[in-house]
Structure formats: structure tokens, C-alpha cells
Amino acid sequence: MTERIVIVGGGTGGTVLANDLADRLGAAIDAGDVEVTLVNDDPDHVYKPVWLYVPFGQREPEDGRRRLRELVDDRIEVRIDRVTEIDTDAERLRYRDAAVPVDYDYLVLATGSTLAPETVPGLEAGGYDYYSESGAKALREELLSFTEGDLVLSVVGTPHMCPAAPLEFVFMADDWFRERGLRDEVDITYTYPIQRVHGNPHIAEWARPLMDERDISVETFFNAESVDPDGTITSMEGVDLDYDLLVSIPPHRGIDLIEKAGLGDDGWVDVDKHTLEAEAAENVYALGDTADTGVPNAGSVAHYQAGVVGQRIASEIRGRPATATYDGKTLCFIETGMDAASFVEFDYESPPSPAPPSEKLHWSKLAYNESYWLTARGLL
Ligand SMILES: Cc1cc2nc3c(=O)[nH]c(=O)nc-3n(C[C@H](O)[C@H](O)[C@H](O)COP(=O)(O)OP(=O)(O)OC[C@H]3O[C@@H](n4cnc5c(N)ncnc54)[C@H](O)[C@@H]3O)c2cc1C
């Protein structure tokens, strides 16, 4: 009997996993004993880290897109469709574009994060973001014509993708305005929902003095409640901040069907943080942003987790115990300006210790972004 593996989501985690399984189970796939389907609701694979550079005119959104089919091993069936329903008791799911449901033996959810700006009144009308392709493009136009006034970067909700990206944005903006001789005309304020500037205390402790040195004002314990598009953002704590340009990191959620399938709240799948198996169902894994492991929502995390899930499923199919586990490994370059970056590496046991910012690390980040397409193919 053919074992059917369905991976939902052809972003970083799903694509790396599909190629990993093709590698591990190639002979079984060729023999017809295993079938792997990768379902994505977009014909393109999207590499989101490119969006950080779009507002500053350094990259185009198209630089972050490639045809998914071209990135994935030929032995994988790539289906451009949307999964609309999952029944984990019957081990069955529905596609938007198919009349009948399909059965699976293993299901992997790699459906990423969804933005939910509509949950904060006024945010969509009053703010810009670089957490979507359209947002990054619109912000680029706005930044180019912004020559004076108050720029507020507000992290509205956590968890969100790439916890370092809001820090990167204000550090880059500081440099960008400085290079253009406009920094004295532009005040930059950064808001964060808890009592420090980043969720991780070690990164917060490192970043805060850099922000002070750069004259970036900070409002911590600022939980945005509403936005008046005429130029005020108000927090639940009762603080009003006036702005001329608001850049927000909108609240994030997972996809609705995860909650409907009873796999977790707000679209995040409850998993064992080491095995990545869903807590509420058999033969279901989750990885990347959608897996609630407590580590950052980052592409590097999705990548490492894909290797673990690939190894576990391949072992189970071969009738051997699955022993691979995820140790929380996270890597992240953090831009500290237009031509310098830091780097952190940590896991469940070892906290991060940010490296001194350097030009070399900045170029390493850019080089990583270029080589990403090989990584997604499983070649690096
Ligand atoms: C501005 C920005 C900068 C970032 N910088 C970095 C960085 O420097 N380093 C880093 O490690 N990470 C970074 N990230 C985070 C990184 O992009 C994400 O954490 C990563 O993409 C998560 O991978 P994933 O596979 O979980 O989800 P995604 O890559 O988001 O893929 C999910 C896929 O699932 C599809 N999908 C969703 N629902 C369905 C459905 N029902 N049916 C079919 N398909 C579906 C989606 O369309 C999407 O293609 C950044 C993110 C942003 C926004």
C-alpha cells in the first residue's frame, strides 16, 4: 500500500521538507511505495526576508519570488490549491479545487503566519508595514517622500515573524535618513508591548544601548489599542503617540482551519517542542511559524525543523523508531544599519549572545539571502 504524505504550505519549511523527503525516500517514491504532495495556495514560493530591504529601495519584491515547481524535486507532486478542511480522526483533508476529499497517512502543516491588522481599529487605514509585499512597496513610496516629522515603528502584537526585523528597520531607517542628511528632521520612536525592546531579554539588553546611541526613542509596555489615521496611535496603557508616518508590525495569526481541526488556538498548532508532533492528533506534524514551540518565527527555525520532521517520517515509513529531535536551534543575522549587522545563534538550552556589529556580518546576511534559493532546494 502506498504511504501518502501531504505537506501543506510551500514556504520555507514545506519546501525544504519536500526536498528532504525526496532525498531520503527517493527509491520508495520511484517504486510507488510512497507519494509526497506539497500543496501551496500560490504558484510562487515567497522569500519574505527580502521585504525588509524594499522600503529602502535596495531590493524589489520580485527578488523574493520563484516558481515553486522549479525549487522542488521532480519526484514530489506540487499541487497549487488551498487546503480548506482537515479531519484528523478520518486522516482526510479537502482541497478548495477538488470535489472529493483525499486521505493521508502523514500530514505536515507548514502554513506560516497570516497578518491580522483588522483586529486593531484604524491600523489598516493609518499605518504602513513591510510584512507583506504590497505593504513594503507602499512604504517605499511613502519613505521616499518623507523628509521630516515623527516616524513611529510599533510592534503591535507578538508572536510575529522574525522578531529581529523591527529592530533592524529602525536601525536601518536611522542610517538611511542620516546618509541623506535628514536625520535631524526625523524623530524615530520604537514601541514594544512588554517592558523591554525585544522578547528575548539578552537581545533586548544588547539592543537598548544601541537605540539610545542612535537617538531612537523607546516606548515599552505599549500595547496598541487603536489608531486614529489622522496621526495618533493609542495604547491600552493610555499613552497617545502622535505620528506623521506609522510603520507597524501587525498582529499575526495562523490559518483558521487549524483551530477548526482542534489542533491549537489562533491558528498555531500545539506540538511537542522536540518531536514537532501535534499534541491533539496522530500522524500530524507542524513546523515553522505555525508550530507553537516558543522559538522565534524564523526561516532558519523552519529549515532546521524540516530536517527533523523529514528524518522522523522517513524512519516511521521504514518501520524504525523516529529518534530525530529539534533542539530549538535558531540562527539570525540582525542588521544594525545600512552596512553593518550582528549575528545570534541559540537553542532551548543556550541563550543568544549577539556578536559585535560588523560590515562582514552585513555582507554575510546579504550572501545568505542570495544563497537561500539553493537552501530551499536542499543543496546547502
Ligand atoms: C520582513 C521579514 C523579514 C524576515 N527576515 C527573516 C530573516 O532575516 N531570517 C529568518 O530566519 N526569518 C526571517 N523572516 C521570517 C520568515 O520569513 C518566516 O519565519 C518563514 O517564512 C516561515 O516559514 P514557514 O514555512 O513556516 O511559512 P511561510 O514561508 O510563510 O510559508 C507558508 C506557506 O503556506 C501557504 N499556505 C497557508 N495556508 C495554506 C493552505 N490552507 N493551503 C495551502 N497553502 C497554504 C502560504 O501561502 C505560504 O506559501 C522574515 C519575515 C519577514 C516578514
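The structure displayed is predicted, hence computed values, not measured ones. Whatever order the structure lists them in is the order used to number ligands and atoms, beginning at 1.
- Side chain to side chain, D240 and T234 meet the donor-acceptor criterion of an N or O pair below 3.5 Å.
- Using modelled atom types, one finds no donor on one side chain facing an acceptor on the other under 3.5 Å when comparing Y104 with T37.
- Every pair passing ring pair (Phe, Tyr, Trp, His ring centres under 6.0 Å) that includes a residue from residues 259-286 is listed here, sequence neighbours excluded: H274-Y348.
- Side chains of N369 and Y47: a donor on one and an acceptor on the other come within 3.5 Å.
- The contact shell of ligand 1, taken as protein residues with any non-hydrogen atom closer than 4.0 angstrom, comprises V8, G9, G10, G11, T12, G13, V39, N40, D41, K48, P49, W51, D81, R82, V83, A110, T111, G112, Y130, Y131, M161, C162, I255, G288, D289, N297, A298, G299, S300, A302, K365.
- Using a cut-off of 4.0 Å between Lys/Arg side-chain N and Asp/Glu carboxylate O, K260 and D256 are scored as not salt-bridged.
- Checked by atom type, the side-chain pair D242/T232 shows a donor-acceptor distance below 3.5 Å.
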